[in-house]
Structures are given as structure tokens and as C-alpha cells.
Amino acid sequence: MAGRGHPVLWRLAQTIPVIAGVVVISFILTRALPGDPAVQFAGLAATPESIAQVREALGLDKPLIQQFLIYCGALLQGDLGRSVVTGQPVVTDLAMRLPASLELTLTALLLACLVAIPLGLLAAVHQGSWIDQLCRVVVTAGVSLPTFFTGILLIYVFYYLLGWAPSPLGRLDFIYFDPPRVTGFHLIDTLIDGDTETFFGALRQIALPAITLALFTLAPIARMTRAAMLGALSSDYIRTARAAGLSPSKVLFGYAFRNALLPVVTTLGMVFSFVLGANVLVEKVFAWPGIGSYAVEALVQSDYAAVQGFVLAMALLFVLLNLLIDLSYALIDPRIGFSAK
Amino acid sequence: MSSLDRRAFLASAASAGILPFLRILPAEAQARDTLVTVFGQTINSLDLHRVGTNRASYQVAINCYDRLVGFGAKQLPTGEMSYDYDTIVPELAESWTISDDGLTITFKLKPDATFWDGTKVTAEDVKWSFDRAVLAGGFPTTQMRAGGFFRPDQFEAIDEETFVVRLDYPSKLSLPNLAVPVPFIINSKVAKANATGDDPWAMEYLHMNPAGSGAYKVARWDQGQQLVYERNDAWVGGELPAIRRVIVREVPSAATRRALVERGDVQISMDIPDRDAAELADRLTVHSTPIENCMHCLCLNSKFGPFQDANVRKAVAYAVPYEAIFESAAYGRGAKLWGGPEEIDDIAWPRPFPYDTNLDTARDYLAQSGYPDGFEVTLSISLDLVDWMEPTALLIQEALGRIGITVTVDRIPGANWRTVALVDKSLDLHLENFGGWLNTPCYYFFWAYQKDRLFNSSAYESEAVHELTERTLHMAMDDPEYAPLIKEMFAHVIEDLPRIPLYQPALNVAMNGAGGYEFWFHRQLDVRPLNGGEA
């Protein structure tokens with residue numbers, strides 16, 4: 001096991017060309033997009049003269065290759081540039097908004113797993129029973145209801161009609177102060193601060209958006225759990241285990257579930273990636289100050305540095321995520337080792 | 001029920017002593033000196049002069065900074081309150097005199113005016129702030145020029161309380177242009193202390209840290225989430241506001257904003273869609289004010305062959321289904337701009353053009369044109385403005401189809417819209433929504449009808465209109481020559497039809513537990529006149 005650090009480093013080294021590619025492509029793509037930032041940022045009333053002034057101020061009058069070199073130079077020093085829209089360094093913007101999105105996404109995924117995995121498991125064990133039908137209904141409904149619709153529906157019922165949920169005003173109601181920042185996750189930071197009042201305030205705010213996202217994400221997880229469990233339960237080694245007289249719970253959890261977990265983890269990784277990108281609609285409905293709405297705003301306004309920074313941050317995140325998933329494979333299934341690669 | 005729950009919850013939270021915002025809330029909840037407002041945009045800077053500052057951020061310049069002068073208030077015929085373009089009132093200036101030749105304006109500053117840090121507002125601060133506005137480049141510089149302010153040497157601080165503006169030519173737009181959001185007065189001592197060699201105007205600092213003398217200070221700003229205004233009790237710019245604290249929350253989804261204001265958890269929802277305004281009007285207080293000097297137009301580009309034919313333009317003007325557009329795109333909010341009288345007997349603008357939907361007349365005009373069998377054309381709309389542009393475009397597409405003009409609707413992404421529509425002026429047929437800040441017809445003509453101007457997206461070129469606009473732009477409105485010249489301008493564009501007015505849009509604001517709303521040309525919420533009343 002002494003060599004385990006080395007393959008991980010090797011995996012990390014492999015991602016360098018990927019990141020370099022992302023840097024180049026995101027730079028070229030933002031420039032290729034329609035829209036002229038100088039016109040966009042020249043304000044309400046503009047003249048050809050004022051547009052030229054803005055173009056110069058943004059450094060967009062320089063040749064493309066020079067702009068790219070300036071960008072790369074800054075990047076090497078960890079500077080992602082400055083967003084014109086927010087007037088702040090992109091790094092600061094991302095550090096503010098990424099935790100909000102991650103907190104929402106992770107809470108939703110946790111919630112989805114808590115429901116979807118037992119549901120899929122039971123559906124597979126009792127195939128064709130009412131619980132299997134329930135699983136089918138939940139999966140179909142979850143996939144077919146768009147998130148913004150579920151979000152508005154939940155607001156209508158639980159906030160507008162019943163008054164159980166707090167005002168859908170983002171991460172915290174305006175009566176609270178943000179907790180001292182440690183992780184950027186309000187749910188964790190409030191606990192570190194020992195401020196349970198604000199913790200429950202944050203919990204109340206995150207409930208509806210997290211449920212909205214969870215309803216959407218539990219479908220693929222439940223489906224995959226069910227399918228993987230069915231596959232595992234009908235395999236030879238389970239028949240052997242049962243014939244050997246192992247207890248049903250040992251067979252189910254020790255052998256079938258553990259083997260079924262691999263595709264489930266893969267699905268989780270995929271779901272996480274697309275939810276982090278796709279929850280912009282949920283963010284809009286719940287006024288959640290997340291990374292999705294930031295990216296869309298930046299795109300609409302041709303804010304080059306912000307778009308590039310977002311793409312790069314996402315690429316890094318996914319590289320990290322894939323690494324974590326690969327590592328977890330090795331934990332779940334000892335036959336998959338890094339040394340094999 | 002909900003407000004009771006909320007109050008109980010707030011009270012318990014406040015008594016726990018952990019919510020610094022709330023220490024005074026139980027008393028407040030009765031007197032209501034805190035208002036919560038929501039809107040769909042985002043405030044991206046606290047400094048209007050910065051490059052990239054968006055329209056929603058102008059409210060900070062309005063509420064937190066003072067200008068030398070402001071506009072008064074008036075009641076519209078509909079009963080709504082509005083700012084009054086024709087009345088200039090003191091803000092930081094106590095009085096002013098205009099020289100006989102109209103070239104020198106001398107302002108006396110209020111002797112007791114102070115910035116938030118307690119230092120006196122001096123003419124030197126005004127000079128620094130105006131220099132900044134004319135030299136910053138981009139939008140503030142362009143807007144300053146509209147009033148005849150081009151260079152720092154036009155501004156002089158005579159002594160601590162006397163400030164002089166020298167104009168190259170007398171203009172009726174000069175004084176009103178000092179009351180728009182742009183020429184706001186900054187605490188130059190604070191700004192200079194935070195300026196650097198690369199950043200002589202302290203753009204970096206003022207972006208995050210306003211330094212003004214206005215009615216409200218920024219208590220906190222969480223970018224992308226909320227801005228909290230807190231009253232400046234030492235304000236001398238006008239009557240002290242009734243509301244101590246105003247919380248502005250950003251909620252992108254219109255459906256969510258509607259639920260919040262309907263439930264009464266927020267008191268003001270700014271700039272709500274026409275549809276919500278129509279539906280909420282009988283349940284809440286909804287203010288719908290036609291936006292001054294603004295029109296939603298169908299623009300016919302002069303570079304496009306068929307539109308060079310006057311008969312084609314008339315045919316289009318008679319084919320447009322005005323009533324249906326007004327009902328389905330604007331939900332009847334705003335003002336009609338069609339079916340007006342032939343005779344031009346006043347200088348009101350926007351005004352109804354003398355065209356109405358009549359497909360027979362439209363067909364006659366098309367038959368007389370060089371394109372009796374019709375033609376094909378692309379109608380372009382902006383994806384950022386689909387709310388009204390999409391239904392309007394579909395109705396126009398259908399109507400023009402009936403007289404033989406085949407229309408394809410093209411939706412252009414918001415980022416690209418300004419470039420292709422306004423700068424390149426390359427869209428043959430498109431919708432446009434320009435509104436002028438300074439409320440005179442000649443100012444609208446300057447931006448939308450004069451050759452090569454940004455909002456002249458029809459690429460309209462008329463020597464006569466260009467000349468008339470030049471002559472009237474700075475002329476006093478009570479000059480006996482003014483009205484006849486303006487009427488002549490109207491006659492030209494009504495005949496030439498580069499822009500076919502559809503309707504005058506409304507700015508809609510829903511209120512639930514607040515009063516005192518005033519409409520402003522800049523379409524932002526001026527929180528200063530608000531109160532917690534029901535009116």
C-alpha cells in the first residue's frame with residue numbers, strides 16, 4: 001500500500017493537459033460568442049466615442065493573442081481577472097457563490113440518497129410489489145417535472161397557501177446576519193459559531209430548494225440502485241451465498257448491495273455534475289445566490305473574465321470529483337486498484 | 001395570520017439577542033419604519049460612474065447621494081404621483097442664478113450640508129465630482145454632454161459655498177441634466193484619500209464604499225442578494241424620510257416576487273410584469289405609470305429595400321394590430337399610441353400617430369407600392385425582452401401575412417442585441433423600446449431620429465429632421481419658435497414612419513403595506529418619499 005500516493009499524483013498530473021485545454025477553449029469560446037462587451041458596458045446612452053473609451057478601458061482594443069497572454073500570465077499567479085459586472089475579482093465572486101451552490105446541491109443529493117437508495121433497494125428486493133410501483137411512480141414524476149415548476153409549486157403550497165415555509169428569499173432571511181465565514185456553508189458555519197438560531201434559519205431557507213432539487217435527482221439514483229440490485233441479486237455469487245446458508249441480511253448488504261454500489265456511485269457523480277450546472281432555475285426561483293445564476297448573468301452580459309473563471313472552476317471541480325469517485329471505487333471494490341492503471 | 005406568525009418569530013428571535021438587526025424590531029413592527037422591497041435585477045455597483053454599472057444600481061446614486069438640484073413632485077391626471085420635470089427644486093444647492101446670456105449658472109450651496117462623515121459639503125467637492133463625471137468616460141460622460149458639460153474647465157469653485165458652471169451655449173437641458181442621477185456629489189476628501197495613481201477617481205473604492213451626503217446610507221450590501229439603506233438623520237437635501245430602514249432584496253423569479261408581495265412579507269415589488277399588475281390590481285395597490293418619453297416601437301430599417309418605399313411603410317402602419325398588441329403584450333397597461341388625430345395641435349410626446357388597424361387601407365398602399373405582391377422580411381426581437389416582444393412579434397407576423405408580407409421572427413440573444421440593433425443598425429424589421437431621461441420631444445428626436453444616433457436603429461436619415469432637432473434641442477420651450485418647429489418635426493416622422501409607435505409602456509409597482517410611491521423617469525425606486533401607510 002506504500003505506493004498509493006504515487007498513482008494519485010499520477011492521476012493529478014494527467015489532468016494538467018485537460019486544464020490547459022479548458023483555458024484555451026474557454027478563452028476562444030467567450031470571444032467567439034456573439035455580443036460586444038464594449039457596447040454592453042457603455043451604458044444606457046452611448047456614442048461611438050464612449051463605446052471606444054469603454055473598449056480601451058476593458059483592454060479589448062488589444063490584439064487577441066496579447067489578451068490571451070495577459071490572461072495566462074495572470075492565471076499563473078492565481079488571478080482569474082476581474083468581472084466587469086460585479087467589479088470584483090472573479091476569485092472573490094466564485095468564493096462567495098460556489099459554496100452557496102455546493103451547499104444546496106450536496107444537501108439535495110444527501111436528501112435524494114436517503115430516499116432513493118432505500119427505495120431502489122426495496123423495489124429490487126420486492127420486485128413487482130407495491131413498493132416497486134411506488135418507485136416507478138416517483139422516478140417518472142421526478143424526471144418529468146421540471147425543477148422550476150416543482151419549485152414554484154412548492155412555494156405556492158408551502159409558503160403561499162400554508163405559510164409553513166419561510167419567505168423564499170435566498171440563503172437567509174434578512175433578519176439574520178451571515179455567520180462568520182469558515183467553510184462558506186451556512187449550515188456548517190452557524191454550528192461552528194454555536195449559533196443554533198441562525199442554523200435553523202438557514203435550514204428553513206434551504207428546505208424547499210433542496211427538496212425541489214432532490215425530487216429531480218432521486219430519479220436516476222433510485223433507478224440505478226434498483227437496476228444494479230436486480231443485477232446483483234440474480235447473479236451466481238448470490239445464489240452460491242444463499243446456498244451456503246448465509247443470513248439474508250448478510251447476503252443482501254454484504255454481497256449484493258456492496259457490488260451494486262459501484263454503478264450507483266458512478267451515477268451519483270454524474271448527477272452531481274449536471275445538477276451543479278443545471279440548478280440555475282432553482283436558484284432563480286428561490287433567489288439563491290449561487291454559481292449558476294452568476295454564470296448565466298455573466299454570459300448574457302459578455303463578461304469574459306467571469307465566464308472563463310466559471311468554466312475553469314467547474315473543470316477543476318469535476319477533475320476533483322472524478323478523482324474522488326475513482327478513489328471510492330477502490331474502497332468499495334478492492335479488485336479495482338490504482339496500481340492496475 | 002402570516003404577519004402574526006412572523007412578528008412572533010421575529011420578537012422571539014430579537015429577545016434572544018442574537019440578531020443585531022432586530023434589537024429594536026418589536027417596537028418597529030407597529031410603527032413600521034422598516035420596509036422590504038424586492039426586484040428582479042441585481043445591483044452590481046454602488047458607483048454609477050464605474051464602467052459596467054447596470055441600471056438597477058442607479059438607485060444608489062439616487063438614494064445615497066445628493067445632486068445640486070432635484071425635480072419636484074406632481075400628481076398626474078390619473079391620480080398617481082410622479083416627479084415633475086418642469087419644477088427644479090434645491091437639493092444641495094440652496095439657490096442658483098442664471099446669467100442673462102444663459103451661459104453662467106451660479107449655485108449657492110446649503111451652508112449646513114454635511115457628508116455622512118460630518119465634514120462640510122463644499123464647492124470643491126462639487127467640482128471634483130463633476131470633473132469625474134465628464135472625464136470618467138462611457139455613460140456618465142455621454143449623459144453629462146447632453147446638458148452641455150464637456151470639460152473640467154467649465155466648473156469652478158469660487159469659494160466654499162459658491163459653485164459656477166460655464167456653458168459653451170445656453171441650453172434648456174443644462175439645469176434638468178444636473179438633476180438626473182449622473183452628476184451626484186461625492187465626498188472628495190474621502191475619495192482622494194482612497195485614490196491611487198492608476199485610479200485617480202477612486203473607482204475601486206467607491207464601487208464598494210459610497211461616500212455621500214444623501215438621505216440614506218448603505219448599511220450593508222451583499223452583492224447578488226440584498227442592499228440595506230439606513231436613514232441619514234442629518235440630511236438637509238429635502239424633507240427627512242419617514243422610513244428608517246429600507247431593505248432591497250433581489251429575487252429573480254417574478255412568480256416568487258408576486259407570492260412575497262401578495263403575502264405581505266415584502267411591502268413593495270418594483271417593476272412587476274404587466275400581467276401581474278393587471279391581475280393584482282384589485283387586491284393590492286398597484287401603480288402603473290406610463291413611462292415618460294418612452295415608446296415601444298416597430299422599426300423599419302431604411303437600409304432594407306422595400307422599406308425605402310413610402311407606400312410600404314404606410315401599408316405596415318395600417319396593418320399592425322395595435323389593439324390586440326396592447327391587450328396581449330401590455331395587458332392594457334400604459335397608453336395607446338395609435339388612432340390619433342390627423343391635425344398636430346400640441347407638442348405632447350409620445351403622441352398617438354394617426355394610423356389605425358385597417359387591412360384594406362394597408363392592402364391599397366401595398367398595391368400602390370413597388371412591391372404589390374409583398375416580400376419577405378425578418379422581424380428581430382431581443383431574448384431579454386421576450387415578455388412584450390414575443391407576443392407583439394407574433395401578432396405582427398400574422399397581420400403582415402394577411403397583406404402578403406411574409407415575416408420570419410428571429411430571436412437574438414441579449415448580449416448581441418445592442419450590437420446588431422443599435423450599433424450596426426443591421427436589423428431590417430425589429431422592435432425597440434427607447435425612452436429619454438430628459439422629458440422633451442427634441443431630446444427623444446436627438447437619440448432616436450437624428451442621423452447615426454445610437455437609438456436610431458432604423459438608420460433613418462432626414463436632413464429636415466436632423467436640422468430641426470439641432471435647432472430645437474437647446475431652445476427654451478417657451479420660445480415662440482419652439483412649438484411650430486416641433487410640430488414640423490412630428491409631421492416629418494409621422495409621414496416618414498421610420499418608427500411605428502405601438503404603445504407607451506407602463507412601469508408597474510405593487511405595494512402591500514407601504515405608500516408614498518413616486519414615478520421617476522429613471523425607473524428606479526426613490527425610497528425617500530416612501531411611508532408605511534396604506535395609501
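None of these values were measured; they are calculated from a predicted model. Quick note on labels: first sequence line is chain A, next is B, and so on, each numbered from 1.
B/D265 places no side-chain N or O within 3.5 Å of a backbone atom of A/S167 that could act as its donor or acceptor partner. Remark: side-chain polar atoms of B/E250 are not paired, donor with acceptor, to backbone N or O of A/A287 under 3.5 angstrom.
Using a 4.5 Å cut-off between heavy atoms, A/R55 does not touch chain B at all. When heavy atoms are compared at a cutoff of 4.5 Å, B/D47 does not approach chain A at all. At a 4.5 Å heavy-atom cutoff, the contact between B/S253 and chain A is made by backbone and side-chain atoms alike. Proximity to chain B (any heavy atom under 4.5 Å) is restricted, for A/I51, to the side chain, taken from C-beta onward. At a 4.5 Å heavy-atom cutoff, the contact between A/E297 and chain B is made by side-chain atoms alone. Interface residue B/R50: only side-chain heavy atoms are found under 4.5 Å from chain A. Contacts of B/V423 with chain A are made by side-chain atoms alone, with heavy-atom separations under 4.5 Å and no backbone atom involved. Only the backbone of A/A42 comes within contact range of chain B, with heavy atoms under 4.5 Å apart. In this structure, chain A has a heavy atom under 4.5 Å from the side chain of B/W437, while its backbone stays farther away. Contacts between B/T419 and chain A at a heavy-atom distance below 4.5 Å involve backbone atoms as well as side-chain atoms. Using a 4.5 Å cut-off between heavy atoms, B/R453 does not touch chain A at all. For B/F434, no part lies near chain A; criterion is any non-hydrogen pair under 4.5 Å. Using a 4.5 Å cut-off between heavy atoms, B/A259 contacts chain A through both its backbone and its side chain. Within the 4.5 angstrom heavy-atom criterion, no atom of B/M203 approaches chain A.
Per-residue heavy-atom pair counts under 4.5 Å with chain A were compared for B/L383, B/I43, B/L260, and the maximum is reached by B/L260. Across A/D303, A/L299, A/V85, A/V300, the residue that shares the most heavy-atom pairs under 4.5 angstrom with chain B is A/V85. With chain B as the partner, the residue from A/A38, A/A46, A/S50 showing the most heavy-atom pairs under 4.5 Å is A/A46. Comparing A/P166, A/P168, A/G87 by how many heavy-atom pairs each has under 4.5 Å with chain B, the most go to A/G87. Annotation: maximal heavy-atom pairing with chain A below 4.5 Å, among B/Q143, B/R257, B/R55, occurs at B/R55. The residue among B/N416, B/V36, B/T42 with the most heavy atom pairs within less than 4.5 Å of chain A is B/N416.
If you take CE on B/M208 and CD on A/Q88, they are separated by 4.5 Å, rounding to the nearest 0.5 Å. Separation of atoms CD (A/Q301) and CG (B/D384) is listed at 8.5 Å; rounding is to 0.5 Å. The line from CD1 of A/I155 to CZ of B/R258 is 13.5 Å long, rounded to the nearest 0.5 Å. Within the model, atoms CD of A/Q53 and OG1 of B/T142 stand 7.0 Å from one another, a figure rounded to the nearest 0.5 Å.
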Exercise. Walk me through it: do A/D178 and B/R220 pass the test side-chain contact (heavy atoms from CB on, under 4.5 Å)?
Key: CA-CA 11 Å; A/D178 287 357; B/R220 62 182 296 199; 4.3 Å; yes
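Residues A/T47 and B/L454 are not in side-chain contact: their nearest non-hydrogen atoms beyond the backbone lie 4.5 Å or more apart. For the pair B/Q223/A/D93, a side-chain contact is recorded, criterion being any heavy-atom separation below 4.5 Å from C-beta on.
The two atoms that bring A/V285 and B/T256 nearest to each other are O-OG1, 2.6 Å, heavy atoms only. Residues A/Q40 and B/G414 share a closest heavy-atom pair of OE1-O, 4.2 Å. Between B/E262 and A/Y160, the shortest heavy-atom contact is OE1-OH, 2.7 Å. Counting all heavy atoms, side chain and backbone alike, B/P252 lies closest to A/K284 at CD-O, 3.5 Å.
Within 6.0 Å of CD on A/E49 lie no more than 12 heavy atoms contributed by other residues, nucleotides or ligands. Heavy-atom contacts from other residues, nucleotides or ligands closer than 6.0 Å to CZ of B/F150 number more than 12.
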